[in-house]
Number of protein chains: 2
Amino acid sequence: MPRQPRRTQAERSGATTFKLVAAAQELFGRDGYAPTSIEAIAAAAGMTKGAAYHHFRGKAALFRSVFVEEQRQIADALRQAAAREPDSWSALLRGCRTFLEHCLNPAFRQIVLLDGPAVLGWEQVREIEYAHTLRVLTEGMNAAAADGAMIDGDLPARCQLIFGALCEAGMLLARSDDPVRALPVVAAEAERLLGSLAR
Amino acid sequence: MPRQPRRTQAERSGATTFKLVAAAQELFGRDGYAPTSIEAIAAAAGMTKGAAYHHFRGKAALFRSVFVEEQRQIADALRQAAAREPDSWSALLRGCRTFLEHCLNPAFRQIVLLDGPAVLGWEQVREIEYAHTLRVLTEGMNAAAADGAMIDGDLPARCQLIFGALCEAGMLLARSDDPVRALPVVAAEAERLLGSLAR
DNA sequence: CCCACTTCCATACCGAGAGTATGTAACTGA
DNA sequence: TCAGTTACATACTCTCGGTATGGAAGTGGG
């Protein structure tokens, strides 16, 4: 009978990668990609560089995991918010507002909006986003279009444009003097933009 | 009577900074910010690091000059394109299309859309853009609004959102399989977005 | 239970590159 | 003419990403 190890390999591995990604998310989000060293991340996770380089190809790969994690989180938030709305159109509007609110999180802005494109390149960012944030947006738009609530056009391209507008709105909002008071006006403008696409 | 030097200090200084910025624009645009070393830039400009660090605080400062130069170039292109249009609204549309075409330039995308925000931060990027690209867009929108061609709302915020949409559209366009054929459809969607704001 | 094998992680090391210190040539102004 | 400033090169340091190596922990077949 094989003796039982205190922790299986999968457990060890999973625990350390989780701790690494969590620490990286914290530091990348606070200080940005370039000023954050792998060594600092490993130390914050209670280990050394060796562990990090064992589980990740390099700094960019670790960042990628953090980026994906951020995407997962916001996609979840968007889904939940949209699910509470009665119809496809109001779900779309609610999603936009939720996204803007999420942009008040500095770590999200730093990782997803500022560093993401530079570190991963547009190709990869878009690929990841299309599996999360953009996916939710696309589904919402398709639903609205299917309900006949939206004027005709190229929906994938439209999603992309709206998404770009929302990202910019998020930055604008977050860097305003009083984000809480600026939210309604920015959200209103975003909804006006979206509303103008309504049939 | 002071003897005439072959070149005045201002001439020397101006010539080297110009060569440095030109070389940096070339390399940053082709390879990106991180993979481009100061030494490589200086060498391409026919000098050593010392010159670069004499005229610029550091790598980011040199990049900033390049970024500003890119902004100047596109702002000029936008102004020229818009000036040929008969009315404020068609000038706005023409400007959007010109911006999209400009996004086909890989160096512009790399410097302005990908690296800019990560290297300079959103604050600084916005400040520079507001003196160039966003300034042109704002003027165009104000003119259109003054002509009564646009629905009411917060114009500064609207400029920002439209600008974000255009940037995303530019990336989408540039990375498509056949940019030349994709341009009409993306431009159409952008113009639909803008057109929906028409009165 | 044993033992070769793999996985996990730490320590030691290497090289690239950003930034600094210092020296020297070119220009300036009194 | 010459002291002082500006422009630039050379030499150096130091941080940091990445690799090589060694050992500890877990795994699976006998």
Side-chain angles (χ1 to χ4, degrees), chain A residues 1-24 26-28 30-67 115 118-121, chain B residues 1-24 26-28 30-67 115 118-121:
Chain A
M1 175 162 181
R3 60 179 172 66
Q4 208 65 320
R6 309 214 316 280
R7 293 159 76 212
T8 169
Q9 295 280 56
E11 282 171 352
R12 279 215 303 173
S13 188
T16 52
T17 55
F18 178 84
K19 280 193 284 187
L20 276 171
V21 171
E26 169 77 21
L27 294 185
F28 282 150
R30 201 188 54 195
D31 303 332
Y33 180 78
T36 302
S37 71
I38 289 273
E39 221 158 353
I41 293 171
M47 57 196 84
T48 67
K49 286 169 54 172
Y53 278 98
H54 179 73
H55 291 285
F56 298 93
R57 262 187 206 292
K59 195 180 179 185
L62 178 52
F63 179 83
R64 190 185 199 279
S65 289
V66 172
F67 187 91
D115 283 332
V119 174
L120 302 175
Chain B
M1 177 161 179
R3 62 179 172 66
Q4 209 64 319
R6 310 214 318 279
R7 294 161 77 211
T8 172
Q9 295 280 56
E11 283 172 350
R12 281 215 302 175
S13 188
T16 51
T17 55
F18 179 84
K19 281 194 285 187
L20 276 171
V21 171
E26 168 76 20
L27 295 185
F28 282 151
R30 201 189 54 194
D31 303 331
Y33 180 79
T36 302
S37 72
I38 290 273
E39 221 157 356
I41 293 171
M47 56 196 83
T48 67
K49 286 169 55 172
Y53 277 100
H54 179 71
H55 292 285
F56 298 92
R57 259 186 211 294
K59 195 181 179 185
L62 178 51
F63 179 85
R64 190 185 198 278
S65 290
V66 172
F67 186 91
D115 283 332
V119 174
L120 302 175

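Chain letters run A, B, ... following the sequence lines, proteins first and then strands; every chain starts at 1.
- The CZ atom of F67(B) lies 6.0 Å from the CG atom of L120(B); values are rounded to the nearest 0.5 Å.
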Quiz item: Once each nucleotide of nucleotides 10-21 of chain C is scored for protein heavy atoms under 4.0 Å, what B/S/- sequence comes out, 5' to 3'?
Solution: BB-----SBBB-
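- Out of dG26(D), dA7(D), dC9(C), the shortest distance to the side chain of T8(A) is found at dG26(D).
- Contact between the side-chain N/O atoms of H54(B) and the OP1/OP2 oxygens of dT6(D) is not found at any separation under 4.0 Å.
- For R7(B) and dT6(D), the CZ to P distance is 18 Å, given to the nearest whole Å.
- With a 4.5 Å cut-off on side-chain heavy atoms, D115(B) and F63(B) count as touching.
- Minimum interatomic distance between D31(A) and T36(A) (heavy atoms only, all atoms of both residues): CB-OG1, 3.7 Å.
- The distance between atom CZ of F56(A) and atom C1' of dG17(D), rounded to the nearest whole Å, is 16 Å.
- The minimum heavy-atom distance between K59(A) and F28(A), with the atom names listed, is CE-CE2, 4.1 Å.
- A close approach under 4.0 Å does not occur between any side-chain nitrogen or oxygen of S13(B) and OP1 or OP2 of dT6(D).
- Listed for the S13(A) side chain is no donor-acceptor partner under 3.5 Å among the backbone atoms of A10(A).
- The side chain of H55(A) contributes an N or O atom lying less than 4.0 Å from OP1 or OP2 of dC9(C).
- Rounding to whole angstrom units, CZ of residue R12(A) and C1' of dT6(C) are separated by 11 Å.
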Let me check something: any side-chain donor-acceptor pairs from residues 38-58 of chain B under 3.5 Å, sequence neighbours excluded? List them with distances.
residue : atom : partner : partner atom : Å
H55(B)  : NE2  : T16(B)  : OG1          : 3.3

